[in-house]
Amino acid sequence: MQALPLTFTFDEETTYFADLIIPVPIPKLFTYRVPRDMVERLKVGARVIVPFGKNRVYTAVVGRIHHQPPSTYQAKYILELLDEYPLITAYQLELFEWMAEYYLCNIGDVLNVALPSGLKITSQSKVQFNPDFDYPELLTEEEERLLAELKKHSALSYEELGRLVGETNVPTTIKSLVGKRAVIVFDEVREKYVPKMVRKVRLTERYENREQILNLINGLEKSPKQQEVVMKYLSYVPVLNNPVLNRKGLDKTVLNQDDEVSQSSLQTLIKNQVFETFEVIVPRFGDDDRPNVEVKLTEIQQRACNQVLSEFAEKDIVLLHGITGSGKTEVYINLIQHALESGSQVLYLLPEIALTTQIVVRLKKVFGDKMGIYHSKFSDNERVEVWKGIVSGQYQFVVGVRSSIFLPFDNLGLIIVDEEHETSYKQHDPAPRYHARDVAMMIAYWQKAKVLLGSATPSIETYYHAQQGRYGLVELLERYGDAMLPDIVLVNTRIEKQQRKMKNEFSSVLLEHLQQNLERKEQSILFQNRRGYSPYLQCEDCEWTSRCPNCDVSLTYHMRDAELRCHYCGHKDPVPKSCPACGSFKVRTIGFGTEKLEDQLQIVFPEARILRMDLDTTRAKNAYQQIISEFEGGNVDILVGTQMISKGLDFGNVSLVGIFDADRMIHYPEFRAVERAFQMITQVSGRAGRRADRRGKVLIQTSNPQQAVLLKVLENDYKGLFEEEIVERQNFNYPPFSRLIKLTIRHSEQSVSLQASQRLVAQLTEKLGDARVLGPEVPLVERIRNQFLYTILIKLERSISPKAAKVFILDKINELLSDKGLKAVTVVADVDCL
DNA sequence: AGCACGCCGACT
DNA sequence: GTCGGCGTGCTC
């Protein structure tokens, strides 16, 4: 008997292996064997299906193809190839690798957020009856019931079985059935993306000329119904005049529209091979209106445009510092057209909320179906269509949110980052914690594209680079047309309180102006950057306050839903009727949010039509758009909202803006607080008086009108603010003078969390020195979801290589976590944290 | 991330 | 005695 060889010898020339990116948080690529018949077709950047672990199947992306067999394990085979042409471009692969390294995360994490889930694969386990099974006496009653259902169907998923059998423990039963070899479990893999298909009808090829059609019509003299169908087709598709049109055919539903009789006639005609049916993939975005609306630039805008172009001649990045209402959009449109004409692609990034507004409508009018829209509110299928539309060349231009930096562009000429200072460009929660603006710059660098950053209130970092000459700087500091900047007034709430003129949260000045505005039938906007009714409840008789059981925060009172909610973990409690600690009925609300403002406002102005816009009122699918159009239509007198109202809204009739709690924004314990407050207040103020006929009014309620930031806001003095802030940044070595990496350490036990943090700090300090390592600190919220948090902040000056430092940091983290007893500790790194 | 394996408490 | 808790480790 001949023994089988224990080791294989691979022919270096013919055996192929592929290193794959698996969408799972694992730090390395996995090597799989390429089946012989796949070798020719497999490309780097294509998606494949692979077995992974026990009983799992994943879509992976080919990162590398080579001949080296792994030495310590036997590679599994790739099961299937999904793309004949790479779906991921070489640029994207480079981008994924760079992001994983730069943002200290796994490449699988990057892949996970980069691919719209429509391009991922769902692997659903299906169960099937085993026809070879013949020991029914072994089964329990439960198992028999399940098996009976399985015999009726060819294969069922766990969910389907659950539905048919009712609420029993399906997975357990299946497991035992598998053990008894009564059923077989297998994975059904399918692509989630389903293209939208339309069934069409056309004449068969031999009727594609005038003569044959006339013959056909005459020949149908005796079948009037069929003749009618042919005539109807011809009325929609004038094949007689232009035979080529027949190729495109006609929607079958159009032909069948009005009566059922024509359906059977059509069926006969198809059977007789007069007509044929076929299917086409149609894009989900209607390519309805023909574009090319002429955009005229004012002289100032034209000058700005030319300046940007001439800056681009020397610099790759230009900051367009344009105040609200200066007409930045027109400049963008002009530059986009310019870039598209030269044959390159354009990406226009916008913060999430701004994208739902007028800007997109405007761009659509100009660019029509050349423009793709990439937005989180769109369905997966729609996103996949944008993705594929870029690959196919249909979309040369995409307007999109943060994640659109992952789209498969390969020939970008221009990237616009609008509202460049917006913090929503930084992804917070799942890795990769990337900043879309910074990644966009990297992409532009690779593709030799230009980047235009736009903002009325640039981030300190960006303005510094512009000032240093690293970026070009173009300013557009005049409002469009004759529109005047609003008149900003500070209202001293401390004095009003002393004089007892405050009515709840409202100063007398603000109420007067609101009253005036109501009489004049002009609209007002009130801004309070806090949702809910009040941030907490407090008992007047004892010390009880509403607190989250899982997090170290107060529970916010939401009046409308009669609930106490945690804004961190989502915990909900009903509102207690009396104090849970002492039973007292004197439970008060402390502080105020948008809901309370709305409530109190309605009492003061019972006739006023008031609308609230915050996370709670815009959760429903079209709620945001609805509120906006109601306000636009003039059905609302006062709009109360959170920062959501500060972006992209452009209403003509708003002449008053009221800002609450400016002090809280300014004194937030964070080095960017002043910058943020200035940006926010300026943005909100910009909503006032965007028309020429009257100057808008902005009232800022503050207990200390002497604060430097507020004076800068009054004078609209961005540069003044910058000069002050940049000194602070330099003194304390904050960005742009350093790069920040924040490490958050988490564990369910405080002592473990603290111990791990202290050890990590000690380890890091050894090499980096204690000036560069700050902490461990107790964060603002020290417990979330029952995990105790500590943070370590690492400051790296711009002169030292962040690459080497990151490798070191990662090493130390892994060293820490490999320690027995600290296995359950989580360390999260946030590079360039905000 | 999943998922399996494995080692300690409250139940038939 | 077992069922099931979640701590730990592995996935080509």
Side-chain angles (χ1 to χ4, degrees), chain A residues 7-8 10 15-35 38 42 44 46-81 96 100 103-115 117 120-125 140 142 157-158 168-176 178-179 185-187 189 427 429-433 746-749 751-753 755-756 785-788 813-829:
Chain A
T7 53
F8 298 95
F10 293 108
T15 310
Y16 283 82
F17 293 90
D19 293 348
L20 307 180
I21 308 169
I22 318 263
V24 148
I26 292 170
K28 47 189 175 156
L29 300 186
F30 276 60
T31 306
Y32 283 79
R33 231 185 126 169
V34 184
M38 202 186 281
L42 193 73
V44 169
R47 292 172 308 155
V48 290
I49 295 175
V50 289
F52 186 74
K54 214 181 173 193
N55 256 322
R56 273 194 294 167
V57 177
Y58 274 110
T59 326
V61 171
V62 181
R64 207 165 73 89
I65 300 173
H66 57 88
H67 290 292
Q68 282 94 54
S71 52
T72 53
Y73 54 87
Q74 184 77 55
K76 285 184 182 173
Y77 274 104
I78 292 173
L79 296 179
E80 236 179 294
L81 173 61
F96 294 173
Y103 288 109
L104 295 176
C105 67
N106 303 299
I107 194 159
D109 293 324
V110 181
L111 188 65
N112 245 339
V113 296
L115 288 190
S117 57
K120 293 175 201 162
I121 289 287
T122 47
S123 120
Q124 211 182 19
S125 290
T140 66
E142 178 75 39
S157 70
Y158 282 48
T168 47
N169 203 349
V170 174
T172 318
T173 318
I174 290 174
K175 217 174 170 181
S176 68
V178 171
V185 177
F186 63 97
D187 278 313
V189 180
Q427 170 147 322
D429 204 10
R433 297 174 172 78
R746 256 185 5 219
H747 192 269
S748 53
E749 263 172 87
S751 59
V752 178
S753 193
Q755 194 208 336
R785 293 169 205 272
N786 278 323
Q787 298 232 298
F788 290 87
I813 292 174
N814 289 331
E815 202 181 301
L816 182 84
L817 297 183
S818 66
D819 192 304
K820 189 131 170 89
L822 297 178
K823 287 273 194 289
V825 173
T826 315
V827 181
V828 171

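Here is the naming used below: chain letters follow the sequence lines, and residue numbers restart at 1 for every chain.
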- Message: Mind checking if A/Y32 touches a base, just sugar-phosphate, or nothing, with heavy atoms under 4.0 Å?
- Response: sugar-phosphate

- Task: Mind calculating the distance between OH (A/Y73) and C1' (C/dT11) to the nearest angstrom?
- Result: 11 Å

- Note on the structure: With A/I107 as partner, the option from A/V61, A/I21, A/I26, A/N112 fulfilling side-chain contact (heavy atoms from CB on, under 4.5 Å) is A/I21

- Rounded to whole angstrom units, what separation is found between the CD atom of A/Q74 and the P atom of C/dC12? 12 Å

- Establish, with yes or no, whether the OP1 or OP2 oxygen of B/dG2 is under 4.0 angstrom from a side-chain nitrogen or oxygen of A/Y58. yes

- Query: Within this structure, what is the NZ-to-P distance between A/K28 and C/dG9, rounded to whole angstrom?
  - Reply: 15 Å

- Message: Here's a test for you: under side-chain contact (heavy atoms from CB on, under 4.5 Å), which of A/I65, A/T31, A/V44 qualifies with A/D19?
- Response: A/T31

- Among the candidates B/dA1, C/dC12, C/dT8, find the nucleotide nearest to the side-chain atoms of A/K823. C/dT8

- Query: Strictly under 6.0 Å, is that where the ring centroids of A/H67 and A/Y16 end up?
  - Reply: yes

- Task: Give one of base, sugar-phosphate or nothing for A/I22, where a contact means two heavy atoms less than 4.0 Å apart.
- Result: nothing

- Straight-line distance of A/I78 CD1 to A/L42 CG, nearest 0.5 Å: 5.0 Å

- Query: In whole angstrom, what separates A/Q787's CD from C/dC6's P?
  - Reply: 14 Å

- Task: To the nearest Å, give me how far apart CG (A/N106) and C1' (C/dT11) are.
- Result: 13 Å

- Message: Rounding to an integer number of Å, can you tell me how far A/F52 CZ sits from C/dG9 C1'?
- Response: 13 Å

